[in-house]
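Residue indices begin at 1 and follow the sequence shown. All ligand and atom numbering here is 1-based and tracks the order in the structure.
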Amino acid sequence: MRPKFILPLLLACSSIACAQDASVKNIAAINPPATALAPLRYLASDELMGRGIDRPEINIAAQYIADQFQSFGVKPVRGADGYFQEFDITRLIPGKTGEVHIGQLSFTLGKDFVQLRPVDVNMKIPLVYVGRVTEFDPASMDVHGKIILVDLGIAGDAPSIQKDYGELNKLCTALTKAGAVAIVARYNGRPAAWTNLLGHLHQAQVAHPNDAVLLNTFITDNTPEFQALLTKGYTTEAHIIVSGTLARTIHLKNVIGYVKGTDPKLNNQYILLTSHYDHLGVGKPTMEEGKLDSIFNGARDNASGTTAVIDAARYFAKYPPARSVLFITYTAEESGEIGSHYYAVHPIVPLQKIIYNLNIDNASYDDTSLISLVGLGRTTADEQVKKACAAYGMTVNGDPTGGQLFYASDNYPLAEKGVPAPTFSFGMRTFGPEIFKRYHQRSDEVGNMDLDYMMKFVDAYILAAQYIANDPQTATWAKGDELEKVGLELYGKQ
Ligand SMILES: [Zn+2]
């Protein structure tokens, strides 16, 4: 390297270090623990009854977040209803009885299949098997008037099943447009995972607002008889019968606001900071750790993330970065990323103006020297996140499940539209017993959280967002990433 380049480089480095010190100091000054942790304590309190979307307290939580935004000087986005994006969804109570017949095989509702749309049906329709969700192009055949049978993932391969599950909505939308009658997705996972899925889906649940009106059903069967039938292009007649379905409308709100960036050129671009504020509500009273409890407080999941977004809003309202910062706390993530999906399909700030989304979702942690970035290696902003975490003495690893979590939170609905969107999470070395001790348990409470770690998590998140928002280089998908192409299309570079 030629000497004349060394001096400016050294100067640049030392001024970045200075800026970092100043930011760390400012973040600490704006968000002292009592202030920073107040939203966590409130949102996870028994008073808010677990922030279930079918309870009135969810609206108290939404109003609280909006009031916080307003008190900081965060601005409402034009096109929103104040600080809210409001919409209705349908809550489905599955049919009392139901059967699906495919050729000679029969499936029973609540045992071998689950119903995902709020309709009673009795129809005999030609069915065609088309293989895996991600490998089927709906334009490749005439699907009009047919039932399409697809596989969710590769048999036994959990990450591929999770990924296909994420892709299913897109296929539903395309098939609806093309005039298909129903999609039947064959679940390819382990029987234990199917039992788990049944527990989640064969009960009152939200019908996914995926703009698809076609009947959407999951079945399970990996028997040799079924396998033998299923070669691509296999056709038969299927008979679907479901009766006794009930449906109810629920009114929901995403909470949204923004801070305008300081750079006249870059402030037309937005960094999006997100988390979901809903959780599981109230369940049956159950003994957990010697305490009879019914409220799913969801302190980690995801009052912690919502708190970090609120604290980021407080900081950026005082210290706006070069780019604008958009804050959204989503509703109904626990029902299948409903709020983020709704935003992705009905954006208020257009997606091509949102250059990067740093989502937060938390299960629990097993290492407090660590931040887990779900999507590490998939965008060009990794170094910014690592640098921010290093400022608080923490290192960064990727998704401990090897990729499944990327498709299982609010980052994905925007990611699949092209927005580089990882999820910033508490440190997980292993997605195992230590995590499951709190994940979706009634004992996910503030009282058993490490609040020093929570403070580092919040501060590192804010610093990472600031680095990305100030970076003269716009963050993108990593070269060769499976979403690079949709990203280029979204931002009009192809
Ligand atoms: Zn969550």
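Counting backbone and side-chain atoms alike, His279 contributes no N/O/S atom closer than 2.8 Å to the Zn ion (ligand 1).
Nearest N/O/S atom of Asp301 with respect to the Zn ion (ligand 1) is recorded as OD1. Atom OD1 is the N/O/S atom of Asp361 found closest to the Zn ion (ligand 1).
A donor-acceptor contact closer than 3.5 angstrom is absent between the side chains of Asn302 and Glu333.
The aromatic rings of Tyr461 and Phe457 lie parallel to each other, their planes meeting at an angle below 30°, with 60° marking the opposite boundary. Ring planes of Tyr64 and Tyr42: tilted class, angle from 30 to 60°.
You'll find the side chain of Gln162 stays beyond 4.5 Å of the side chain of Thr401, heavy atoms only.
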